[in-house]
Asks: 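Can you keep this structure in mind? I'll have questions shortly.
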Amino acid sequence: LTSILVPVLRRLPPVRAKLDRELKKTCTELRETFTRGLTQPRMMLPVEGMPEKDILDLVDTRKELDTKIWKSGKVTGAVYHGQDDHYDFIGQVFSKWAFSNPLHPGIHPSLRQMDSEV
């Protein structure tokens, strides 16, 4: 009965209008939530690429902003915090595998093995 009535009710102008308002409200709230705190957001690819130095500067700026959020210690499970020397070590390991896609374990069996061993 529900599978028959719901599609019919959705077509009624007052119901459709209410659904549209709620959908618009939800989309607005999600957009605000997920864009809060963004720096220099990009909605499309630039016509010309950015110099590597500019990209690294932007990454550093964004990392500094994000680090302020979790360094206060008021988050759980979102950040696995170690010391800076540990982060440097992780960066070295990551740089050796950054080209790979771990979703293809058949192509990278060593990566799959290391993932399962951690």
Asks: Can you name the residues that form a salt bridge (charged side-chain N to carboxylate O under 4.0 Å, His left out) with D60, not counting sequence neighbours?
Replies: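 D60 satisfies salt bridge (charged side-chain N to carboxylate O under 4.0 Å, His left out) with no residue once adjacent residues are dropped.
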Asks: Rounded to the nearest 0.5 Å, what's the gap from CG on L38 to CZ on R36? Could you check?
Replies: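 Interatomic distance, L38 CG to R36 CZ, rounded to 0.5 Å: 10.0 Å.
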Asks: Quick check: is F99 connected to M114 through a chain of hydrophobic side chains (ILVMFWY, heavy atoms under 4.5 Å apart)?
Replies: yes
Asks: Flag the pair R62 and D66 as a salt bridge only when some basic side-chain nitrogen lies within less than 4.0 angstrom of an acidic carboxylate oxygen.
Replies: no
Asks: Look up atom CD in E117 and atom OG in S110, then write down how far apart they are to the nearest 0.5 Å.
Replies: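 Answer rounded to 0.5 Å: 9.5 Å.
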Asks: Quick one: does R16's side chain have a donor or acceptor within less than 3.5 Å of a partner on R11's backbone?
Replies: no
Asks: Would you say CD of E48 has more than 12 non-hydrogen atoms from neighbouring residues, nucleotides or ligands within 6.0 angstrom?
Replies: no
Asks: Please check if the number of heavy atoms outside E29 that lie under 6.0 Å from its CD is greater than 12.
Replies: yes
Asks: Under a 4.0 Å threshold between the charged nitrogen and the carboxylate oxygen, would K18 count as salt-bridged to E22?
Replies: yes
Asks: With rounding to the nearest 0.5 Å, note down the distance linking OG1 in T39 to CD in E64.
Replies: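 Output value for this atom pair is 11.0 Å.
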Asks: How many angstroms lie between CE in M43 and OG1 in T35, if you round to the nearest 0.5 Å?
Replies: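 The CE atom of M43 sits 7.0 Å away from the OG1 atom of T35.
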Asks: Is there a side-chain contact between R42 and M44 (heavy atoms, below 4.5 Å)?
Replies: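 Of all side-chain heavy-atom pairs linking M44 with R42, none is under 4.5 Å.
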Asks: Return the minimal non-hydrogen interatomic distance between S100 and L111, and the atom names on each side.
Replies: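 In terms of heavy atoms, the two residues are closest at OG-CD2, 3.3 Å.
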Asks: Taking atom CG of D115 and atom CD of Q113, what is their separation to the nearest 0.5 Å?
Replies: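 Rounded to the nearest 0.5 Å, the CG-CD separation comes out at 11.0 Å.
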Asks: Hey, could you give me the CG/CZ distance between D84 and F89, rounded to the nearest 0.5 Å?
Replies: 15.0 Å
Asks: Under 4.5 Å between side-chain heavy atoms, counting indirect links through other Ile/Leu/Val/Met/Phe/Trp/Tyr residues: same cluster for L19 and L12 or not?
Replies: yes
Asks: Can a salt bridge be assigned to the pair K53 and D57 using a cut-off of 4.0 Å between side-chain N and carboxylate O?
Replies: yes
